[in-house]
Engineer: 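Supplied in structure tokens, the structure appears directly below.
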Amino acid sequence: MTNQRSIVHMDLDTFFVSCERLLDSKLIGKPVLIGGTSDRGVVASCSYETRRFGIHSAMPMRMAKQLCPEAIVLRGNSGIYTKFSNSVTEIIKESVPLYEKSSIDEFYMDLTGMDKFFGCLQLASQIRSRIIKETGLPISFGLSINKTVSKIATGEAKPNNQIQIPMGNEKPFLSPLSVKKIPMVGNVTYKAMCDLGIKHIHTIQKMPMEMMYKVFGKNGISIWKKANGIDNSPVVQYHERKSISTERTFDKDTTDVHKLKSIIIAMAENLAYQLRRGNKLTACITFKIRYSDFQTYTQQKRIPYSAADHHIIPVVLGLYNKLYQRRLLVRLIGVKFSHLVEGGHQIDLFEDDDKTISLYQALDKMRERYGDRAVIRASGMSAKSISRWNPFNGEPPPLLANRRS
Amino acid sequence: MKFIVSSTYLLKQLQVLGGVINSSNTLPILDNFLFELDHTKLIVSASDLETTMASTLDVESDSSGSVAIPARLLLDTLKTFPEQPLTFVVEDNNTIEISSNHGKYALAYASGEEFPKAVVLEDPSKTIVTGDILATAISKTIFAAGNDDLRPVMSGVFFQFSTEGLTFVATDAHKLVKYSRADVTASQVAEFIMPKKPLNLLKGILAASEEDVTIEYNESNAKFTFENSELICRLIDGKYPNYEAVIPKENPNKLVIDRTQFLNSVRRVSIFSNKTTHQIRLKIAGAELNISAEDIDYSNKAEERLTCDYQGDDMQIGFNSRFLTEMLNNLSADDVQLEMSLPNRAGILTPVDGLDEGEQITMLVMPVMLNN
């Protein structure tokens, strides 16, 4: 009996682009970019044709357009992508005992023990071809003993292919790859590693773990483990959300305090509604501000558990007033609620009265029926484009702002 | 300065006084007991600046003087002695020497002059209450007082004295207890907010005491005198919220139930509720009370059904189970009544039986909003 697991990581290739191509066949074979079309927008997804020009996701759209002027740029529609993503989820749900949807286009599946009946690789290939056949979306997968190795393997398999790392071959598979392929190593860490002469994973594999700890701290240890193909994290079907947040980058940096305030109120109001809809309470509110020079400041405050607008909005505005001190243009603002717990609002004897409580219930009922924007505060009305989605249905967020692929 | 005192007698008094002393003090002198000797009368005091308590002891002596002795050290030493006379002698080298049957112990002392003087109440009003009535009033209410530094008035118990009776109120804005006595009256109307710490001390000392307690009070301080002790404390400054206004008058839904049965069910079910919010749901239909709780994060769930006496519309209401257990625990009645109007308005818990003549207890608990 071995305790080795079989984990598959499946990733839809250039997911948003593939969806758009299904809807409009003219896009096939052409360079396509999807993402924010404004000056501040970033590339959310790009077709393989554009990658030749050096374009990658999370790159500023303006730069991408300069690199490949002939690319077709689309704004994207998260609703449609969610639908496609759900039909893929359905297929996976039917076929495997345990899966985890880690983002809109990525899935982990635990096939441990399936060898007895089907053969893991065979089963994974079957699922893959079924997805391709039924949804028309290209998908790649990597199969190995844990999540990290499978994810890296998927990256190597792409586009539209599959790869299996035979058990015991994890280290040799990883060793020639760039350290950048390790999930968790972003631009900053990569630079730091390059400065130390660590370019390939085999260098980390030869290093003692203590050395990584000294240089990179705790993260160093997990990077070292990943580089050595060690990852014991389980495939978890449902992630309880630890926080909910929303943020907004302005098309043009602003100092318009009325606009800022209006957006902050709209954000706080919407998040508080999401809390109540999910029967949750928050105990920690964070406010974030980024100035035009990219200096980012955050401040947080603990509050008694609450999901009531009249408790939360003043706290958010208070944090904003405290934090907005520099006389500089503002690039981004964000609001986050964390320390979430399950539960309803504890009514206060002196501060709440029947009217307030009934008001919230009526407002929420209207929103439930006619949509999030059915009733909103007049002071938050000018904020039209903040994201409003239900964070508590177990689905990953529809669009990730800065995703790496 | 020299005196002889029985070890257990002294220890008993000092242990009570020790409750006043904070574990960490900004003023080092407050870590001491103040011993003021005037021949056979020894007054020992302890203080945390807010509360000062003093007891008078009878000792054998023919001298006088005042010293401050380290409280912790003295208490730890006294605890170890069996009953025996102890001789305290103040030496010249700033130490006080204790002689027992077993040996000698020297403690460094500070001058009694350094110890902060207790406040003298100016122009006080006066009311006399029996010790155990005061102790009961405190223990029935104090658990409902809050801990919120932002709302200091709610961290104490509100004393309302009038010619018709005495009323004690405590609330933390989520639950409220009002305890009234019509059988004890004051000569004039007075209202003040007592902080929790001295009340807890009084509760401990006065429980089951038949002795009269003299309460003197003015705008800023209150003084409790009983037996050989007195306790002076600063009152909480501020206006107590208008609690009468939030007690709902019309409560058409009335539930009468066995207290122990209700309490045990709530306790059991609440084990399965969310560990942070402790929320439970009461569903009442006909003569059946359904108590349920769920912790979605861990997939824990419980449900119990009790028979009760109910008049009113079928309803569902959510409560923090902590509040309910605290309140039910604090009552001694066999049956309790829970009056409700709407799921977003306060529930009123009252004992049906077991009250003394002239005694009245009203408990209020605010619900949590349920999402159906």
Side-chain angles (χ1 to χ4, degrees), chain A residues 236-242 272-284 301-311 314-315 318 337-365 367-369 390 392-394, chain B residues 144 146-151 153-154 169-177 239-248 273-281 293-300 316-323 341-348 364-372:
Chain A
V236 184
Q237 183 141 18
Y238 176 71
H239 278 282
E240 188 62 37
R241 290 200 71 81
K242 296 197 178 75
Y273 163 61
Q274 302 298 358
L275 282 180
R276 292 196 296 273
R277 182 156 73 168
N279 195 31
K280 299 269 179 191
L281 302 168
T282 176
C284 184
K301 191 171 181 200
R302 287 299 298 256
I303 57 162
Y305 283 104
S306 176
D309 289 5
H310 67 281
H311 288 154
V315 175
F337 297 167
S338 49
H339 294 79
L340 305 182
V341 292
E342 184 81 31
H345 174 65
Q346 166 70 57
I347 305 170
D348 189 290
L349 261 169
F350 304 102
E351 281 182 354
D352 304 333
D353 50 32
D354 303 356
K355 275 188 186 161
T356 338
I357 302 299
S358 311
L359 175 68
Y360 286 133
Q361 284 174 334
L363 286 176
D364 293 351
K365 223 177 200 167
R367 289 177 181 144
E368 201 61 54
R369 185 142 173 213
N390 183 353
F392 297 114
N393 54 9
Chain B
N147 290 313
D148 191 353
D149 293 335
L150 297 173
R151 293 197 268 195
V153 289
M154 289 193 201
V169 183
T171 181
D172 65 354
H174 296 140
K175 56 185 184 293
L176 181 145
V177 179
K239 196 178 174 308
Y240 206 74
N242 182 5
Y243 68 89
E244 288 288 359
V246 297
I247 303 179
S273 68
N274 183 287
K275 293 285 167 291
T276 320
T277 53
H278 310 284
Q279 292 183 0
I280 58 164
R281 183 187 292 256
E294 191 173 5
D295 187 353
I296 297 178
D297 299 354
Y298 295 96
S299 292
N300 295 336
Q316 275 195 47
I317 189 164
F319 286 114
N320 182 327
S321 59
R322 282 269 181 96
F323 299 161
S341 54
L342 289 168
N344 57 15
R345 295 181 122 186
I348 304 174
L364 230 70
V365 55
M366 286 311 274
V368 291
M369 273 161 73
L370 291 177
N371 105 346
N372 299 311

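As the structure is a computational prediction, the values presented were derived from the model and not from experiment. Below, read A as the first sequence line, B as the second, and so on, with proteins coming before strands; counting in each chain starts at 1.
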Engineer: Which residues in residues 301-308 of chain A have any heavy atom lying under 4.5 Å from a heavy atom of chain B?
Structural biologist: Y305(A)
Engineer: More than 12 heavy atoms of other residues, nucleotides or ligands under 6.0 Å from CZ of R322(B): yes or no?
Structural biologist: no
Engineer: Find out whether V368(B) and F319(B) are in side-chain contact, i.e. whether some heavy atom of one side chain is under 4.5 Å from a heavy atom of the other.
Structural biologist: no
Engineer: Give, as side chain, backbone, both or neither, the part of L364(B) having an atom under 4.5 angstrom from any heavy atom of chain A.
Structural biologist: side chain
Engineer: How long is the straight-line distance from CD of Q274(A) back to CZ of R367(A), given to the nearest 0.5 Å?
Structural biologist: 9.0 Å
Engineer: Is chain A contacted by the side chain of K275(B), its backbone, both, or neither, given a heavy-atom distance below 4.5 Å?
Structural biologist: neither
Engineer: Is there side-chain contact between R281(B) and L370(B), with at least one heavy-atom pair below 4.5 Å?
Structural biologist: yes
Engineer: What distance separates I317(B) CD1 from R345(B) CZ, expressed to the nearest 0.5 Å?
Structural biologist: 11.0 Å
Engineer: Tabulate, in ascending numerical order, the residues of residues 352-362 of chain A having at least one heavy atom closer than 4.5 Å to a heavy atom of chain B, or enter 'none'.
Structural biologist: D354(A), I357(A), S358(A), Q361(A)
Engineer: Between E342(A) and K280(A), is the side-chain contact (heavy atoms from CB on, under 4.5 Å) condition met? List the steps.
Structural biologist: CA-CA 5 Å; E342(A) 184 81 31; K280(A) 299 269 179 191; 3.4 Å; yes
Engineer: About how many Å separate OH of Y273(A) and CG of L363(A), when rounded to the nearest 0.5 Å?
Structural biologist: 10.0 Å
Engineer: Roughly how far, to the nearest 0.5 Å, is the CG atom of N147(B) from the CE atom of M154(B)?
Structural biologist: 12.5 Å
Engineer: Heavy-atom distance under 4.5 Å between the side chains of N242(B) and E244(B), does that happen here?
Structural biologist: yes
Engineer: Below 4.5 Å from any heavy atom of chain A, which atoms of F323(B) appear? Answer side chain, backbone, both or neither.
Structural biologist: side chain
Engineer: Identify which of A346(B), P241(B), G318(B), S273(B) forms the greatest number of heavy-atom pairs closer than 4.5 Å to chain A.
Structural biologist: P241(B)
Engineer: Measuring from D348(A):CG to F350(A):CZ, what's the distance to the nearest 0.5 Å?
Structural biologist: 7.5 Å
Engineer: Looking at D172(B), L176(B), D295(B), N274(B), which makes the most heavy-atom pairs under 4.5 Å with chain A?
Structural biologist: N274(B)
Engineer: Are L349(A) and T171(B) packed together at the side-chain level, in the sense that at least one heavy-atom pair is separated by less than 4.5 angstrom?
Structural biologist: yes
Engineer: For the CD atom of Q346(A) and the NE2 atom of H278(B), what is their distance to the nearest 0.5 Å?
Structural biologist: 11.5 Å
